Amino acid sequence: MKIVTTPMCEEILIMAGINDYVVNKEPDKENADFAIVLSETETVMDSLKVKLNTFSQIQESVLKTVEILNPQLFNQKLSSNLSKSISLMSPWADSQQKKILRENNRKIKVKVYSQFLKDIIEDMGFEMVAENPDFVVFPDYLENQINNQIKNNEEISHSNAQRGLSKNEENNEENFSKNDNTDLVFVNYIKVPSHGDVPINPLERATMRYNLLEGELCMKP
């Protein structure tokens with residue numbers, strides 16, 4: 001059986017002990033029988049679609065690949081050894097350490113754009129919200145959209161502040177200070193690399209993203 005995978009998924013085959021395969025960013029251009037691809041990738045041929053955003057997803061993807069393509073190696077010992085190996089990459093890859101870390105994050109509110117980031121934020125134990133977040137996390141490919149949103153919010157907040165100032169002056173009520181930011185909502189925005197400027201290795205990619213988010217999110221403003 002001829003197997004094809006993409007560069008982003010090749011490490012899964014290596015970890016699964018599969019040596020005979022080809023790599024192509026466009027799997028359907030290969031005359032292959034089976035493909036290992038990311039979940040969002042469409043293929044004509046039969047395929048295993050994997051998610052590689054969290055450490056647990058990576059482990060599950062390797063085990064599923066072994067089960068399908070190398071079943072003679074699939075057993076509980078393999079699962080245990082794989083878990084131990086992956087746990088060395090990050091505290092977030094170790095189930096016991098992750099349990100403690102998640103508890104520390106549960107009161108931090110995060111608004112998230114993009115499904116791959118939602119997987120990670122949920123895994124890290126943050127509270128995902130639609131309104132009044134402490135942080136907004138977004139992928140790099142939405143940077144222009146987010147910047148426009150920030151600009152619009154600043155203009156609206158400034159307009160509201162100006163209306164408040166005028167109203168207080170007209171009614172001779174308590175002065176509304178230009179430095180009073182009560183009506184302004186300040187949120188920390190965090191950009192996370194998606195598929196461009198990131199390691200090809202999924203474990204290294206996950207480690208980079210978890211480290212970035214931990215450094216930015218785990219200290220509530």
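Just so you know, these numbers come straight off a predicted model, no measurement behind them.
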Working to the nearest 0.5 angstrom, can you tell me the gap between I12 CD1 and L69 CG?
12.0 Å
What are the two closest heavy atoms between L213 and V137, and how far apart are they?
CD2-CG1, 3.9 Å
Verify side chain to side chain contact (heavy atoms under 4.5 Å, CB included) between T207 and F55, making sure each step is shown before the conclusion.
CA-CA 9 Å; T207 299; F55 292 105; 3.6 Å; yes
Of all the heavy-atom pairs spanning L48 and F34, show the shortest one and how long it is.
N-CZ, 3.6 Å
I190 vs L212 side-chain heavy atoms within contact, under 4.5 Å:
yes
Report whether M45 and L38 are members of the same hydrophobic cluster (ILVMFWY, side-chain heavy atoms less than 4.5 Å apart, transitive linking).
no
With a 6.0 Å cut-off on the ring centroids, do F126 and F135 count as close?
no
Could you tell me whether E127 and K107 make a salt bridge, using a distance below 4.0 angstrom between a side-chain N and a carboxylate O?
no
Tell me, yes or no, whether the heavy-atom count around E40 atom CD, taken from other residues, nucleotides or ligands under 6.0 Å, exceeds 12.
yes
Taking C-beta and beyond as the side chain, do S80 and K77 meet within less than 4.5 Å on heavy atoms?
no
For residues A93 and I86, report the shortest heavy-atom separation together with the two atoms involved.
CB-O, 3.3 Å
For residues R102 and M124, determine if any side-chain heavy atom of one lies less than 4.5 Å from a side-chain heavy atom of the other.
no
Heavy-atom count check: over 12 atoms from other residues, nucleotides or ligands less than 6.0 Å from K191 NZ?
no
Any side-chain heavy-atom pair from V112 and E122 closer than 4.5 angstrom?
no
For residues P199 and M208, determine if any side-chain heavy atom of one lies less than 4.5 Å from a side-chain heavy atom of the other.
yes
With the side chain counted from C-beta on, respond yes when M128 and K118 share a heavy-atom pair under 4.5 Å apart, and no when they do not.
yes
If only side-chain N and O atoms count, and only distance matters, is there a donor-acceptor pair under 3.5 Å linking N147 with Q145?
no
From OG (S85) to CE (M15), nearest 0.5 Å:
6.0 Å
For D140 and S194, test the side chains for any donor-to-acceptor distance below 3.5 angstrom and give the result as yes or no.
yes
Criterion salt bridge (Lys or Arg N to Asp or Glu O under 4.0 Å) on K98 and D123, from CA distance to verdict:
CA-CA 9 Å; K98 185 171 79 169; D123 190 55; 2.7 Å; yes
Check: I120 main-chain N/O paired with R209 side-chain donor or acceptor under 3.5 Å:
no
Could you go step by step and tell me if K25 and T6 meet the side chain to side chain contact (heavy atoms under 4.5 Å, CB included) rule?
CA-CA 5 Å; K25 289 183 178 180; T6 61; 5.8 Å; no
For the student: nearest non-hydrogen atoms of P193 and V198, plus distance
CB-CG1, 3.3 Å
Taking K49's backbone N and O only, do any of them form a donor-acceptor pair with S47's side chain (distance below 3.5 Å, no angle check)?
no
Using side chain to side chain contact (heavy atoms under 4.5 Å, CB included), reason through I3 and D33 one step at a time and then give a plain yes or no.
CA-CA 6 Å; I3 302 166; D33 303 300; over 6 Å; no
Linking I/L/V/M/F/W/Y whenever their side-chain heavy atoms sit closer than 4.5 Å, directly or via other members, would V50 and I58 fall into one cluster?
yes
Under 4.5 Å between side-chain heavy atoms, hopping through other hydrophobics if needed: is there a path connecting V192 to L52?
yes
What about I14 and M8, same hydrophobic cluster or not, with Ile/Leu/Val/Met/Phe/Trp/Tyr joined at side-chain heavy-atom distances under 4.5 Å?
yes
I'd like to know if D20 and K2 make a salt bridge, using a cut-off of under 4.0 Å between side-chain N and carboxylate O.
no
Quick one, I108 and V110 - any side-chain contact, counting heavy atoms below 4.5 Å?
yes
Is the side chain of S87 donor-acceptor paired with the backbone N or O of K84 at a distance under 3.5 Å, no angle test?
yes
Any non-hydrogen side-chain atom of V4 less than 4.5 Å from a side-chain atom of P27?
yes
CZ of F138 to CD1 of I146: how many Å apart, nearest 0.5 Å?
5.5 Å
Check whether the side chains of D119 and Q57 place a donor and an acceptor atom closer than 3.5 Å, and report yes or no.
yes
Between T5 and I36, is there a donor-acceptor pair closer than 3.5 Å when you use the side chain of the first and the backbone of the second?
yes
Linking I/L/V/M/F/W/Y whenever any side-chain heavy atoms sit under 4.5 Å apart, do M1 and L13 land together?
yes
On a heavy-atom basis, the closest approach of N53 and Y210 is O-CE1, 3.9 Å
Please check if the side chain of D28 supplies one atom and the backbone of V44 the other of a donor-acceptor pair under 3.5 Å.
yes
Answer yes or no: is there a donor N or O on one side and an acceptor on the other, between the side chain of R205 and the main chain of I200, under 3.5 Å?
yes
Verify side chain to side chain contact (heavy atoms under 4.5 Å, CB included) between S83 and Q59, making sure each step is shown before the conclusion.
CA-CA 7 Å; S83 179; Q59 179 173 338; 3.6 Å; yes
Side chain of S79, backbone of L63: donor and acceptor closer than 3.5 Å?
no
Going by atom types alone, do S114 and Y141 pair a side-chain donor with an acceptor below 3.5 Å?
yes
